[in-house]
2 protein chains.
Amino acid sequence: MASKIGGMFSQTVEYALRAIVHLAKQPDALQTTAQISKATQVPSAYLSKVLQTLTRDGLVEVKRGVSGGYLLNKSPDEMTIYDVVQCVDPLQRIRTCPLELSSHRKRLCSLHAKMDSALESIENVFRSTTLTELMNSPNPSVPLCNV
Amino acid sequence: MASKIGGMFSQTVEYALRAIVHLAKQPDALQTTAQISKATQVPSAYLSKVLQTLTRDGLVEVKRGVSGGYLLNKSPDEMTIYDVVQCVDPLQRIRTCPLELSSHRKRLCSLHAKMDSALESIENVFRSTTLTELMNSPNPSVPLCNV
DNA sequence: GCAATACAGGATGTTTTTATCCTGTTTTGT
DNA sequence: ACAAAACAGGATAAAAACATCCTGTATTGC
């Protein structure tokens, strides 16, 4: 389980977020897979798949051919961590009993209700954080930037 | 990614929690793997491994041989969801930069700080929920119980 | 003592996730 | 037009997670 970030987030989510943040920081220049890979330390072949997924959902825009590359498809203050996560590895709230007990159909038991409330709190953090907020954070460490 | 609960919690965590809750509900009778498996709908061979892990960490007690089985090793109000999760598939807070950028050594960048704050909020929910609380919840649906 | 019950743990198999490779297509700059 | 740049997507491979099977050992009830 060492490959999961915090034992919770998949590598794919981590990679997608790094790529998106990198693109948010480069609003004026198309970024090739190779460039993003270098900046984010994500293996480029895998990154390519992740970018395909982000493209399909319209989070990024792609231009093919020479001098092509990727570009963020929205303003960074209109895109949240949540949008990225939902695109590549969706966080799904628990809505029905995993055991399919008939009496739990309408209302989760307390165990799954608690687990779902943990998911809810993640959802809240992610929904409320835009890329702009990440970049303008008072935190001296800038994402992906060794300054 | 369909096998992960909410795209976040591993099957193993889900299984361990079901087993522990079942044991908490049966404080007076040793429960065999077969009994727990039936009540929780966890595949018994896999459940056996999970119970071994819980035993090694002292969350449950085992008695081998005829009329043996498992028993919760603590009072249900002294065991939290967090204890169970940490035993089988630990939630690890993000403490160092996954990219190992030297400037992030001491302080996470805003991206990983946010991800860690999501982990923190899960940790808070899990740490604050005891098995007793799960069982005494005003929620009409009792865990594992089709009533 | 002995047969039956029940867990321990190694070996093995399957599925999902992560990662790479290669061929084909699009687009550009000359 | 054409060579080079760059992505798309299928095939394949490696690793981790999930799951099963089987043999051995401990314990009990008779």
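Every chain is numbered from 1, with letters handed out A, B, ... down the list of sequences. These figures come from a predicted structure and were not determined experimentally.
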Short question: side chain of [X], backbone of [Y] - any donor-acceptor pair under 3.5 Å?
{"X": "N136(A)", "Y": "E133(A)", "answer": "no"}
{"X": "T55(A)", "Y": "L51(A)", "answer": "yes"}
{"X": "Q35(A)", "Y": "T32(A)", "answer": "yes"}

How close or far is atom [atom2] of [N] from atom [atom1] of [X], stated in whole angstroms?
{"X": "Y46(B)", "N": "dA16(D)", "atom1": "OH", "atom2": "P", "value": "15 Å"}
{"X": "Q41(A)", "N": "dA19(C)", "atom1": "CD", "atom2": "P", "value": "13 Å"}
{"X": "E14(A)", "N": "dA19(C)", "atom1": "CD", "atom2": "C1'", "value": "16 Å"}
{"X": "E61(A)", "N": "dT27(C)", "atom1": "CD", "atom2": "P", "value": "13 Å"}
{"X": "Q11(B)", "N": "dT17(C)", "atom1": "CD", "atom2": "C1'", "value": "15 Å"}
{"X": "Q35(A)", "N": "dA5(D)", "atom1": "CD", "atom2": "P", "value": "13 Å"}
{"X": "Y15(B)", "N": "dA17(D)", "atom1": "OH", "atom2": "C1'", "value": "11 Å"}

Quick tally for nucleotides 3-9 of chain C: nucleotides whose base has a protein heavy atom under 4.0 Å get B, sugar-phosphate-only ones S, the rest -, giving -BBSBSB
Among the clusters formed by ILVMFWY side chains lying less than 4.5 Å apart, do V62(A) and L23(A) turn up in the same one?
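Linked, V62(A) and L23(A) end up in one cluster.
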Residues 67-76 of chain A side chain polar contacts: donor-acceptor under 3.5 Å, at least two apart:
unit_1: N73(A); atom_1: ND2; unit_2: G58(A); atom_2: O; d: 2.9
unit_1: S75(A); atom_1: OG; unit_2: D77(A); atom_2: N; d: 3.4
unit_1: S75(A); atom_1: OG; unit_2: D77(A); atom_2: OD1; d: 2.1

Distance-only donor-acceptor pairs under 3.5 Å for side chains of residues 122-129 of chain B, two or more places apart:
unit_1: E123(B); atom_1: OE2; unit_2: R127(B); atom_2: NE; d: 3.2
unit_1: E123(B); atom_1: OE2; unit_2: R127(B); atom_2: NH2; d: 3.3
unit_1: N124(B); atom_1: ND2; unit_2: E120(B); atom_2: O; d: 3.4
unit_1: R127(B); atom_1: NH2; unit_2: Y82(B); atom_2: OH; d: 3.4
unit_1: S128(B); atom_1: OG; unit_2: N124(B); atom_2: O; d: 3.0
unit_1: S128(B); atom_1: OG; unit_2: V125(B); atom_2: O; d: 3.1
unit_1: T129(B); atom_1: OG1; unit_2: V125(B); atom_2: O; d: 2.8

- Query: For T12(A) and dT18(C), is the shortest distance between a side-chain N/O and OP1 or OP2 below 4.0 Å?
  - Reply: yes
